[in-house]
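Quick note on labels: first sequence line is chain A, next is B, and so on, each numbered from 1.
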2 protein chains.
Amino acid sequence: MAFFRLHNQLVLLSSAQPSLPARIPVSKYSLASSRPPSLSVHRKMSTFKQEPHKLLLIPGPIEVTDEVLYANAYPPVAHTSADFIPIFGDSIRLTRELLYSSDAQIFLIAGSGTLGWDQVSSNLIEPGEEVLVLNSGYFGDSFSDCLKTYGAKVDEIRADFGAAVSKSDLEKALLAKKYKAVAFTHVDTSTGVLSDAKMVGETVKAISPDSLVILDGVCSVASEEIRMDDWSIDAVISASQKGLGAPPGLSIVAVSQAALKVSATRKTPVTSYYASWKRWLPIMNAYESGKPMYFATPPVNLIRAYHTSLKQITRAAPSLADRFKLHKEASQRVKDAVAELGLKQVPTDPYYAANGMSAVYLPDGLGVADLVPRLAQRDVVITGGLHKDYKDKYFRIGHMGVTAVNPERGDLDKLIAALKDSVREAIASKKMMPIQS
Amino acid sequence: MAFFRLHNQLVLLSSAQPSLPARIPVSKYSLASSRPPSLSVHRKMSTFKQEPHKLLLIPGPIEVTDEVLYANAYPPVAHTSADFIPIFGDSIRLTRELLYSSDAQIFLIAGSGTLGWDQVSSNLIEPGEEVLVLNSGYFGDSFSDCLKTYGAKVDEIRADFGAAVSKSDLEKALLAKKYKAVAFTHVDTSTGVLSDAKMVGETVKAISPDSLVILDGVCSVASEEIRMDDWSIDAVISASQKGLGAPPGLSIVAVSQAALKVSATRKTPVTSYYASWKRWLPIMNAYESGKPMYFATPPVNLIRAYHTSLKQITRAAPSLADRFKLHKEASQRVKDAVAELGLKQVPTDPYYAANGMSAVYLPDGLGVADLVPRLAQRDVVITGGLHKDYKDKYFRIGHMGVTAVNPERGDLDKLIAALKDSVREAIASKKMMPIQS
């Protein structure tokens, strides 16, 4: 990965260039090289290969590149060091770029994706305020729990298992009551259901322009297109270990300036300390403007790894737009292979099926334990269901990040072959009739 | 590091052994080998060397071993995988062992050390309850802020800059008012002041046995002895990047069974979602008993790195007891060298000076910018003060972990030489008279 794409020119990674300037239009971004890599970095980089391992195709954590893992193994540096500051600043800028936002405030905080729920719940919602949750699975339930913990009054529109909330149901709810915010899971990892983020954003703003639109993008950022500004999304919650292609442990949140103002002008104090944007905002602004500032020690290794992945996602081939297309193609390939085996998708409508993962019903009479270990024997890790009523009835496959965009890895070939063999073997072991394909 | 010490026998790391059983006395622990390392692991492990870098001698993050960094670069695994479960379980058990506790509940959660404050504040304290904070620096102020955020009424005993709260002041406060909890910073990273944890624990339990004793050990765990059970400490808060020798990003909290019961029987609901022990307890118990369970994705790479460091701390030479002794010796060596240069410690009494770090006054007329960059030119990273009133008057050095216990690294030799040269050069540049030593 010695060359990165910049304005359709190939740029040598080792060319030292200044950090990205703060808050400039995406089209004007220039390559951020946090530090001129020394010869020694290049030599070592080229020899570092991650351990042989089973192919990790669950919906996060996912397969990551050698470069990202090597960055995670870089010796810890002082969080105040000249080496680290541009890495943090660029990570903020590149996250914004990835979401097609010109001015969203980015928060990068040590924590899992779940911490993002605490951030939006504690900063944006005051006790007693009404929030509408569009529930398309397990993560909708949990997000509601989190909102209620911080005092929100939650109404839910619960889609059937495998479905997303419809535009008409959303409109009805918005016309019936005024909500402080509408929250939804862009891709619910439990069902593989993709909600239509553009539709949600536009519908909310058309009927209730003051309501904030909160998108849980833990399982969608970088594998599904999200145009935060164009689609009127006020907050995007994500985490490092899915489409973003880094190890888990970093909570990534983007907040519109309008939502940030709502938080800043709230009447009651924020009841979380660690998740309080008031405490983190000066830190993020300082690092973005090239200065260190202390609230809590940032996870320097993980931010370096995330930064490496962000550069690969936004500056290397394929382009960001092509990445989304490649995710769609990879997804279609998996879904076609599954259909060929006679298996049904959990998402009831292909339009609402995620492109970074698939949730698939097992053949009748088979449980998760009949299939998942058989793939593991073939060195492919997938996982079972995650929904209290159906978890033994379906399995889930992740096809995000390098697995989707680097076909030369052969991940999908290996997956599809292992899936075919395992399904057939599992069916045979139960002495069932093969399903018609 | 192919051999680890166990009951004074050398044990080959690659010998596959079962995980540590849950909650057994420390003396009965056996070596936990999470997975039998393959030949390939051994080969690669032996060739992985971290990047050349400036010696990181700030009070965290610190220098870490190649093995720890390599673990951080292990390909992400499923948090539910048979590979990962014993690593998580053993990390819990080894953390308990390190704190000399037989039954403390351990919480390992993605987050910075600060998240530990949220955990104890939100789970142990109900709104309106009285907490006494023994303040020996910046981190005492912040801990108070966190407690107040969750509704605590905080009284502080503020020690003078460079001093710890005295036993008599603590006794007076405990006799004057009944406190739900007494919280203190074991080593305040801003001042290098070490509080007497044993005295605090014993004094509180003697006068006010129901008061919980909360120790902030972010800058003390694994560099200072902490006997949680013997000293009646109810909660220890720590983080991965200081004495524990791993990269930053993991919040580590230990809670006595008594305190856990206080949390479980509280009258008001816990007002944090991500920091709620009720949500994490089943997860920690599941992993400790060898089963996976999901609340939020654990930072699998960082937990593997932490596990690697814990094994080095508790199972490799030197022994745990020797480690504390070696930290004292390393600390004395640094403090003697500083005294030889005619410089004064911030801690006013050597008894209250931390063993994992030093805070040292600059010579009169010199600021942080006169000294710290001069050490950096000599490839040694130290840092300035962190106390609003004095931050340009002193500097801080970390001497924790491998820097303290592995003299063959030569870290202290390099530090002391660089410090001598830099101080002399800085003084000369100001045309000041050398200080009498």
Exercise. Given A:Ser112 and B:Phe295, is the side chain to side chain contact (heavy atoms under 4.5 Å, CB included) satisfied, shown in steps?
Worked result: CA-CA 10 Å; A:Ser112 84; B:Phe295 169 59; over 6 Å; no

Exercise. Which residues satisfy the ring-ring contact (aromatic ring centres under 6.0 Å, His included) test with A:Phe143, sequence neighbours excluded?
Worked result: A:Trp117

Exercise. Relative to chain A, which segment of B:Val77 carries a heavy atom at a distance below 4.5 Å: side chain, backbone, both, or neither?
Worked result: backbone

Exercise. If you tally heavy-atom pairs under 4.5 Å against chain A, which of B:Ala239, B:Gly113, B:Ala73 wins?
Worked result: B:Ala73

Exercise. Using the ring of each side chain (for Trp, its six-membered ring), is A:Tyr294 parallel, tilted or perpendicular to B:Tyr138, with breaks at 30° and 60°?
Worked result: tilted

Exercise. Applying the side chain to side chain contact (heavy atoms under 4.5 Å, CB included) test to B:Pro76, which of A:Val68, A:Leu69, A:Ile58 qualifies?
Worked result: A:Leu69

Problem set entry | Whether B:Asn301 side chain and A:Pro247 backbone form a donor-acceptor pair below 3.5 Å | no

Exercise. Which one, B:Gly111, B:Ser251, B:Ala246, leads in non-hydrogen pairs under 4.5 Å with chain A?
Worked result: B:Gly111

Seminar exercise, completed: Ranking B:Asp145, B:Val381, B:Leu250 by heavy-atom pairs under 4.5 Å to chain A gives rank one to B:Asp145

Exercise. What residues form a ring-ring contact (aromatic ring centres under 6.0 Å, His included) with A:Phe88, not counting sequence neighbours?
Worked result: A:Phe84, A:Tyr287

Problem set entry | Spatial distance of atom OH (A:Tyr150) from atom OG (B:Ser272) [nearest 0.5 Å] | 3.5 Å

Exercise. What part of B:Glu63 is in contact with chain A, defined as an atom under 4.5 angstrom from a non-hydrogen atom: side chain, backbone, both or neither?
Worked result: neither

Problem set entry | Trace of the side chain to side chain contact (heavy atoms under 4.5 Å, CB included) decision for B:Arg279 with A:Thr149 | CA-CA 12 Å; B:Arg279 299 184 187 274; A:Thr149 300; 3.8 Å; yes

